[in-house]
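Heads up: numbering here begins at 1 and tracks the sequence. All ligand and atom numbering here is 1-based and tracks the order in the structure.
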Amino acid sequence: MHKTTITTFAIVILLLSTFSQSQAAGKIEVDVYKGDVATVNSYIFSNGVSLVVMDVQRATSEAKKLGKVIKAKNLPLTHILISHGHPDHYIGMDWLMKEFPEAKIVVATKDIKKDIISFSTFMEGIGWLDAEPTLKPKSKTNPSGFDYEANINVLDDDTLELTGGGTLKIETAYAPAESDHPTTVYVEDINSLFTSDFGFHNVHLWFGSGVTDAHIANWRKALVDLQIKYADLNPTVYPGHGDPNNVDVGLFATMVQYIDNFNRVIASANSKAQAMSEMEKLYPDYKEADFLLKNSVDFHVHD
Ligand SMILES: [Zn+2]
């Protein structure tokens, strides 16, 4: 072989091996599935070898669409990570579990598992699960119901390693806010922070049933803390609800201001209608006024 040819050949081999090494290093990519119902976002993490999905929508009809997006990636789904115990993030898990029998449903803490079970028990009690019968809890009277106890696994670490490389760093040291036990995920590879329901972008915040004044204050404090903690890293921020495009840590200041406005409006409003109209005037472009805002006003303003 000619010397130049040998050199070229060696360089090609070197480049190829570097390329395959960088693939094997598990560089994580993320795809967003934007739900129609309540603007919930699902995040699909891929490293080119396997997939993890975070949060799985409020209705089985949405989970079916999400499942198709996951299937189209042609890689094994190993985990279904539920960030907190609210049904808009977990109802889809039954459908996905059946579509992807190898995938494990996981939560970061025992408390989140408990929150999911108690929310579903509550929903079953008031008939809300009649619309999602496969999510009705397994019991003596309903032996074919969803087995929350067996199907939901608690991670024993604050990291979730993707098969084939890459790490999701899981943080749960938060006071009760939008939910009792929130989870955030940070991915160093792509300098991205997945806030789950600490983050609402261009959509009204949820201060509905269960989100007390104390929880709102905790939420505000958490936003200020996140702003400080991530100021230097300046990650891309992926909210739990609302437009997931082009969001950075500036979202936290915007949300703190929203909280301050909401507190001021509900303190001075004489009626629910007045609070609604004042908030809508302040945030004319925000989505979900008739669901997220309406429930928040109903819970905090008493006519
Ligand atoms: Zn939510």
Side-chain angles (χ1 to χ4, degrees), residues 32-44 53-63 65-66 80-94 96 105-109 111-120 122-123 128-129 131-132 135 152 170-172 174-185 193-212 215-216 218-220 222-223 226 237-244 247 251-252 254-255 258-259 262 283 286-300:
V32 187
Y33 174 83
K34 293 189 277 181
D36 295 325
V37 184
T39 67
V40 190
N41 294 318
S42 297
Y43 294 106
I44 305 161
V53 63
M54 174 174 172
D55 289 340
V56 291
Q57 304 291 321
R58 196 173 77 153
T60 298
S61 57
E62 289 264 21
K65 292 188 246 172
L66 171 61
I80 297 165
L81 171 66
I82 309 293
S83 67
H84 64 285
H86 283 171
D88 50 333
H89 299 258
Y90 75 70
I91 291 289
M93 68 183 169
D94 172 67
L96 290 180
I105 299 170
V106 292
V107 294
T109 65
D111 287 330
I112 297 170
K113 180 171 178 171
K114 271 192 220 160
D115 290 349
I116 293 174
I117 294 172
S118 58
F119 213 118
S120 281
F122 156 75
M123 287 198 293
W128 282 3
L129 286 178
E132 295 285 355
L135 269 295
I152 301 175
I170 291 167
E171 179 74 66
T172 56
Y174 300 110
E178 194 263 1
S179 68
D180 284 350
H181 302 96
T183 303
T184 60
V185 169
L193 176 65
F194 298 83
T195 64
S196 187
D197 282 6
F198 278 119
F200 282 59
H201 181 225
N202 290 344
V203 61
H204 289 282
L205 276 63
W206 171 262
F207 307 126
S209 184
V211 187
T212 62
H215 288 195
I216 295 177
N218 290 340
W219 191 351
R220 189 187 188 287
L223 291 168
L226 286 169
V237 172
Y238 288 91
H241 287 257
D243 183 5
V247 189
L251 176 68
F252 302 135
T254 306
M255 289 179 64
Y258 182 101
I259 290 176
F262 182 81
Y283 297 97
Y286 274 34
K287 298 213 166 73
E288 297 283 330
D290 44 3
F291 174 62
L292 297 175
L293 179 60
K294 188 184 178 300
N295 278 282
S296 300
V297 166
D298 277 348
F299 188 60
H300 288 275

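Of the possible polar contacts, one joining the His241 side chain to the Ala38 backbone as a donor-acceptor pair under 3.5 Å is found.
Heavy atoms from other residues, nucleotides or ligands lying under 6.0 Å from NZ of Lys287 number 12 at most.
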Identify every side-chain donor-acceptor pair in residues 199-210 under 3.5 Å, counting partners at least two apart or on other chains, and give the distances.
| from | atom 1 | to | atom 2 | distance (Å) |
| --- | --- | --- | --- | --- |
| His201 | ND1 | Asp243 | O | 2.5 |
| His204 | ND1 | Tyr258 | OH | 2.8 |

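Partners of Lys65 according to the salt bridge (charged side-chain N to carboxylate O under 4.0 Å, His left out) rule, which considers only residues two or more places apart in sequence or in another chain, are Asp36. Residues satisfying the salt bridge (charged side-chain N to carboxylate O under 4.0 Å, His left out) criterion with Arg58, sequence neighbours excluded, are absent altogether.
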Problem - Worked verdict on His84 versus His89 for ring pair (Phe, Tyr, Trp, His ring centres under 6.0 Å) - result: CA-CA 7 Å; His84 64 285; His89 299 258; 4.2 Å; yes
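Excluding waters, the set of protein N/O/S atoms under 2.8 Å from the Zn ion (ligand 1) reads Asp88 OD2, His89 NE2, Asp197 OD2, His241 NE2.
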